[in-house]
Amino acid sequence: MTTFSLGDTDFLRDGQPHQVISGAIHYFRVHPDLWQDRIRKARLMGLNTIETYVAWNAHAPRRGEWDTTGWNDLGRFLDLVHAEGLDAIVRPGPYICAEWHNGGLPVWLTGSMENLRSSAPDFLVEVSAYLRRVYDIVAPRQIDRGGPVVLVQIENEYGAYGADKAYLEALVAVTRDAGITVPLTTVDQPVDQMLSDGSLPELHKTGSFGSRSAERLATLRRHQPTGPLMCSEFWDGWFDWWGGVHHTTDVTAAAADLDALLAAGASVNIYMFHGGTNFGLTNGANDKGRYLPLVTSYDYDAPLDEAGTPTEKFFAFREVIAKYAPVPEEVPAFASAAPALEVSLSPVGAWTDAAGSGAVAAQPQSFDALGHLSALVRYDVDLPDGKGGQLLIDEVRDLAWVSVDGVAAGTLSRTRHDRAIRIPAGRTLSILVEDQGRVNYDHRLGEEKGLIGAVTLDGTVVTGWRSTPLDVAAIAAELASAQPTDAAGDGPLAWTAEFTVDTATDLFLDTAPWSKGYAFVNGFFLGRYWRNGPQRTLYVPAPATRTGGNRLVVLELEQILAPVARFVEAPALGVTEE
């Protein structure tokens, strides 16, 4: 039986000093058929450990559900890590941040209670049940039972959110009660207040940072007088948001900071080794005074890029790691260019005009009140006496297209802090609202989506709303076999195309000729695209394609500038800051 424990200055593996050199791969951001490839490449860079979060809302999107199949098969992911001869670190949250929608917390949970991430009894009941299910998977895969798991984290950067020690104690109790025997850790940014608030004396404190390693380790050591020093989130890149730039970090500087960490004898978890993709509608958002939804790609400028190709950073990090640990002689091959092809798109009709399905209510119903997990709700109301005027909405979450009798009147954007728009006279006001991503950080976790608060027209409250949820994935599936139509107009249109590849292969779909919407290949939900940038291509993983004919469905919300679908040889994630 192999043991893993905390020594006075080092991690101890079977009693011998051991430096953890880990990298993050989120199983829920990578097609499960590609897990083994990504894990193997981690070993070839010299890593001895793989770290992953567990996304509660991926496993339990609705109350009472618990899915551990396919993309959610955490047990299989850990078994693949073990089969590659690597250790594993598991960070089950319950809150994970991770630029993942709602910080990993299920919408049904955050919408049903106020005291999130606290020792409030109703929250602890749900969290305890969740953790026990995770630990049913993790406990038998611990290192002292012949598995790969060497560390389990309690909560996540809790010191940046709260200081409820009873909450942390409750999480430790359920963790130990569930049979977790490996060392338990916490992580916080190396700030005195955060390190003090975010942990307990019996938990091993680690830090999260991406530069000034010596200084940050010194701060951590003041709060963790004994035991191994560890940066359990070494930020080697950063995430992107719509309307921003593509973030990259200097390879030489990142490698030098990694070198400083390892030279100091510290253990490390590289965040991210391989970022992956926010497929579907899983991207998060930040709001620190301005709402910024995150893009579909989670490339993160990581050593292994979004498509699993080693980058310059991969080889720079490998060279650093080789100074401190054995590195395999084998080097992963660079991927060849993806197939480049272009096909015509055919319109198959409007797709947001479904008949109203909900009961008429005085106020617009939020996505949460409707139990709706997809991206869109359409709100329809008869205009009082057919009059127009200034329409004022308390809050739009997050982007709204306003029309009267089918004629566009304009948009309202949360990012722009829009609240008012002048509408013409007419019979029916329609407002199509998109949830652009749930905030994943700080105290806006769990906020409702849709039209929030009162809606007035020239100062008079507008009532009698019908709220119609639109499931974009279901609509795409329904239209996949639709016949082309001559339908046109200013409203949202769906488009389809057939394309052929010689063998199942990674592809990069260029969305530059389009405006804003969602794309699907053979029913696989690639994610969101938006002319707002920076991201221009969507990654199509090889397992989503097939030899021969393939079907593309595009649900466009605004307008297609050119009715073509182009697949290009390499990703285009946008301009970077100089």
Side-chain angles (χ1 to χ4, degrees), residues 31 58 61-62 70-71 101 277-283 293 295-297 343-355 357 367 370-378 399 401 432-437 449 468-485 487-489 491-501 504 507-531 535 537-546 548-567:
H31 194 292
R62 298 186 181 278
W71 288 71
H101 63 123
T277 310
N278 298 316
F279 290 117
L281 304 169
T282 58
N283 65 281
V295 304
T296 300
S297 170
V343 292
S344 297
L345 286 173
S346 299
V348 292
W351 63 276
T352 61
D353 58 350
S357 58
F367 284 56
L370 295 167
H372 185 52
L373 299 181
S374 192
L376 297 168
V377 171
R378 195 186 73 241
L399 182 59
W401 292 264
L432 182 66
V433 177
E434 181 187 31
D435 166 6
Q436 292 189 283
K449 293 290 189 174
T468 304
L470 301 174
D471 185 329
V472 296
I475 292 169
E478 183 178 340
L479 292 175
S481 57
Q483 295 300 308
T485 174
L493 282 179
W495 302 74
T496 64
E498 290 277 350
F499 65 93
T500 301
V501 291
L507 297 169
F508 300 101
L509 176 60
D510 185 357
T511 64
W514 313 337
S515 293
K516 190 181 197 309
Y518 319 94
F520 303 77
V521 168
N522 299 326
F524 181 85
F525 196 167
L526 301 178
R528 309 173 194 256
Y529 65 87
W530 195 4
R531 176 171 293 279
Q535 180 176 357
T537 54
L538 288 174
Y539 171 55
V540 185
T545 69
R546 54 192 177 220
N550 294 260
R551 169 72 67 159
L552 171 68
V553 176
V554 178
L555 301 182
E556 172 63 53
L557 283 160
E558 295 179 346
Q559 56 188 346
I560 293 287
L561 307 183
V564 296
R566 299 188 186 106
F567 294 93

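If you read the sequence from its start, that first residue is 1, and numbering goes on from there.
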Task: Straight-line distance of S346 OG to Q483 CD, nearest 0.5 Å - done: 9.5 Å
TODO: Could you tell me whether the side chain of R566 and the main chain of T511 form a donor-acceptor pair under 3.5 Å?
DONE: no
TODO: Over 60° means perpendicular and under 30° means parallel, so classify the ring planes of F508 and Y539, tilted if in between.
DONE: tilted
Open item on the list: Using a 3.5 Å distance criterion without hydrogens, assess whether the side chain of R378 forms a donor-acceptor pair with backbone atoms of T352.
Closed with: yes
Task: Shortest non-hydrogen separation from D510 to P513 and the atoms involved - done: O-CD, 3.6 Å
Task: Nearest-0.5 Å distance that lies between atom CZ in F520 and atom CG in L555 - done: 5.0 Å
Open item on the list: Side chains of E558 and W401 only: does a donor on one sit below 3.5 Å from an acceptor on the other?
Closed with: yes
TODO: Output the distance between atom OH (Y518) and atom CH2 (W351), rounded to the nearest 0.5 Å.
DONE: 5.5 Å
Open item on the list: Would you say that more than 12 heavy atoms from the other residues, nucleotides or ligands in this model lie under 6.0 Å from the CD of E478, or not?
Closed with: no
Task: Main-chain N/O of G437 paired with K449 side-chain donor or acceptor, under 3.5 Å - done: yes
Open item on the list: With a 3.5 Å distance limit and no angle check, can you tell me whether T485 reaches the backbone of V348 through a side-chain donor-acceptor pair?
Closed with: no
TODO: Flag the pair K516 and E556 as a salt bridge only when some basic side-chain nitrogen lies within less than 4.0 angstrom of an acidic carboxylate oxygen.
DONE: no
- [ ] Measure from the side-chain N and O atoms of W514 to the backbone N and O of V564, and report whether any donor-acceptor pair falls under 3.5 Å.
- [x] yes
TODO: For residues V295 and N283, report the shortest heavy-atom separation together with the two atoms involved.
DONE: O-CB, 3.8 Å
- [ ] Keeping the roles fixed (side chain from R531, backbone from A512), state whether a donor-acceptor pair exists under 3.5 Å.
- [x] yes
Task: CG-OG1 distance between L370 and T468, expressed to the nearest 0.5 angstrom - done: 8.5 Å
Task: Any side-chain heavy-atom pair of T296 and F279 under 4.5 Å - done: no
Task: Flag side-chain contact, heavy atom, 4.5 Å: V377 against D435 - done: no
- [ ] Using atom types as modelled and distance alone, determine if a side-chain donor or acceptor of N550 lies under 3.5 Å from a backbone N or O of G548.
- [x] yes
- [ ] Step by step, work out the ring pair (Phe, Tyr, Trp, His ring centres under 6.0 Å) result for F567 and F499.
- [x] CA-CA 10 Å; F567 294 93; F499 65 93; 4.6 Å; yes
- [ ] Considering non-hydrogen atoms only, spot the tightest contact between E434 and F367 and give its length.
- [x] C-CZ, 4.4 Å
TODO: Kindly say whether Q559 contributes a backbone atom to a donor-acceptor pair with the side chain of S515 at under 3.5 angstrom?
DONE: yes
Task: Nearest heavy-atom neighbours spanning L552 and A565 - done: CD2-CB, 3.5 Å
- [ ] Any chance you could measure R528, atom CZ, to L538, atom CG, to the nearest 0.5 Å?
- [x] 12.0 Å
TODO: For side chain to side chain contact (heavy atoms under 4.5 Å, CB included), just list the numbers for V343 and T500, CA-CA rounded to whole Å, side-chain angles, deciding distance to a tenth of an Å, and then say yes or no.
DONE: CA-CA 10 Å; V343 292; T500 301; over 6 Å; no
- [ ] Report the distance from atom CG of L432 to atom CG of L399, rounding to the nearest 0.5 Å.
- [x] 9.0 Å
TODO: Could you give me the CA-CA distance, side-chain angles and deciding distance for T537 and L509, then say whether side chain to side chain contact (heavy atoms under 4.5 Å, CB included) is met?
DONE: CA-CA 5 Å; T537 54; L509 176 60; over 6 Å; no
TODO: Answer yes or no: is there a donor N or O on one side and an acceptor on the other, between the side chain of S374 and the main chain of V472, under 3.5 Å?
DONE: yes
TODO: Examine distances only and state if a side-chain atom of N522 and a backbone atom of A544 form a donor-acceptor pair shorter than 3.5 Å.
DONE: yes
TODO: List the atom of A375, the atom of L281, and the distance in Å for their closest heavy-atom pair.
DONE: N-CD1, 3.7 Å
TODO: Please name the pair of heavy atoms, one in L479 and one in T496, separated by the smallest distance, quoted to 0.1 Å.
DONE: O-CG2, 3.8 Å
